[in-house]
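Each remark here refers to the structure printed beneath this line.
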Amino acid sequence: MDRRQFTGSVAGAFVGAVLSRSPIAPFAPRPMRRAAIDANRLNTNIKALSAFGANPQGGVSRVAYSDFDKAGRAYVMDLMRTAGLDARVDFAGNIVGRRSGSDATLKPIMFGSHIDSVPDGGNFDGTVGSLSAIEVAQSLAESRMRTRHPIEVVVWANEEGGLYGSRVVSGQLKAAELDNRAWSGKTIAEGMTFLGGAPSRVSEARRQRGDIAAYLELHIEQGGTLEREAVNIGVVEGIVGIRRWDVTVSGVQNHAGTTPMDQRHDAMLAAARFVEMVNRVVRAEPGRQVGTVGRLEAFPGAPNVIPGRVVCTLEVRDVDATKTQRIFDAIAGEAKQIGEANGTTMAFRAVHEDIPALSDPAIRSIITDVAKELKLTTRHMPSGAGHDAQSMAQLGPMGMIFIPSIGGISHSPREFSTAIDIERGARVLMAAVLKADTLA
Ligand code: GLV
Ligand code: MN
Ligand code: MN
């Protein structure tokens, strides 16, 4: 059968093998082969990966560039090779597993996610999409199905720290960011080297707009909408932009016993007012914008010393970058007033930005269509979490598939998605890759 007769039909759990057969198929004609996700194998692999950096609370602490991250990546590269992918590490530390297609003129279809976690994270964020992507490649190889486009399964480096690996590939990473410190304690440059990359050569890992045919990512929702509404699959419309600042509050360090309450320039007090103010300002207008102070440290940090300095983080997210800027301006204005009230100052240093991204309407339709053909219910939704997909949207058509997160909990050891939802997500991913393969 000519591969161009592909109809996109994905009835049941199977996808008809109507693409060209690989050269390893020795005889013709052969019975039609079908590629099917092996849900057992996929969920076994997810469990196996959760051993790398397992934390006592039942999740993982596998922060980027840690020993656990490196060991988990070695496990994942083995799975890729077993799935017939030519796996390599690029200069940014991303793992890319490629299999050529039958038409050498076509750009690759990329799909994947990440396996690094936040500190004290869960077993599903990133892992579901990464291992499902490998499972798709494995089942295509087993059924000797060859796509027209090359496929590239990607496991991005340091997603949680701020999309570092994917922002290299999209050309968004600034050179100065290589000196930022990751949760592992290593700088980004040290971390890339640790994973087998080469920070001095990251420009060679960059791709240009048009270098990919499409990018797809399966991920857990990380919110509670799909579970609450009993919907199987979320079709992501857009991904929030994320901006982060390091905030330094400077006061006067002094004796906690002898300095009267009305004569203090207490950096901690100003920081406490700052935290409260951020919450109030972000909530002052309607919308889905969010703002968080996620880390706060007082110096010198002793019970009998009025802190002279507090360092904290500020993060603001929204799909509309102008709104994020407006909110930051309001926060900075109020911070000045807080400082004036007790003789302290606040300085903001912008440390990170992920720009918002919309998914591609054609890829959205593909995901919706294949999910319906698989008899799954769908819903369009925004993503309040950041994803490497927003970097890839700079290079070509991007789409994301969400599955339910039980209780809407994520970035926590209590994060959970059911085996059946993971299987459904992987089946939608495979069907979407194959349908995207029929496009030019
Ligand atoms: C990544 O998970 C993020 O949204 O911070
Ligand atoms: Mn993630
Ligand atoms: Mn995450």
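Just follow the structure's listing: the first ligand is 1, and inside any ligand the first atom is 1.
Protein heavy atom at the shortest distance from atom 5 (O) of ligand 1 is R317 NH2, 2.7 Å. With hydrogens left out, the protein atom closest to atom 1 (C) of ligand 1 is E160 OE1, 3.3 Å, a heavy atom.
With no hydrogens or angles considered, a side-chain donor-acceptor pair links S61 and D120 at under 3.5 Å. Between S405 and E221, the side chains place no donor N or O within less than 3.5 Å of an acceptor N or O (distance only, hydrogens not considered). A side-chain donor-acceptor contact under 3.5 Å links E160 and H411. Using modelled atom types, one finds a donor on one side chain and an acceptor on the other under 3.5 Å when comparing S359 with R364. Side-chain atoms of D125 and H114 form a donor-acceptor pair, as typed in the model, at a separation below 3.5 Å.
The ligand atoms of ligand 1 that sit less than 4.0 angstrom from a heavy atom of H411 are 1 (C), 2 (O), 3 (C), 5 (O). Using a 4.0 Å cut-off to heavy atoms of A385, the atoms of ligand 1 that qualify are 4 (O).
The aromatic rings of Y215 and W156 lie tilted to each other, with the angle between the two planes from 30° to 60°. Ring geometry for F274 versus F348: interplanar angle of 30 to 60°, hence tilted.
Protein N/O/S atoms closer than 2.8 Å to the Mn ion (ligand 2): H114 NE2, D125 OD1, H219 NE2.
A salt bridge is defined here as a Lys NZ or Arg NE, NH1 or NH2 lying under 4.0 Å from an Asp or Glu carboxylate O, and D246 with R349 meets this definition.
The shortest N or O to N or O distance between Q222 and ligand 1 is not under 3.5 Å. Residue-to-ligand polar distances keep G384 apart from ligand 1: every N/O pair is separated by 3.5 Å or more.
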Checking side-chain hydrogen bond (donor to acceptor under 3.5 Å, both in side chains) for the pair T292/E315: CA distance, chi angles, key distance, verdict? CA-CA 5 Å; T292 307; E315 185 191 86; 4.8 Å; no

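The Mn ion (ligand 3) sits nearest to atom NE2 when only the N, O or S atoms of H411 are considered.
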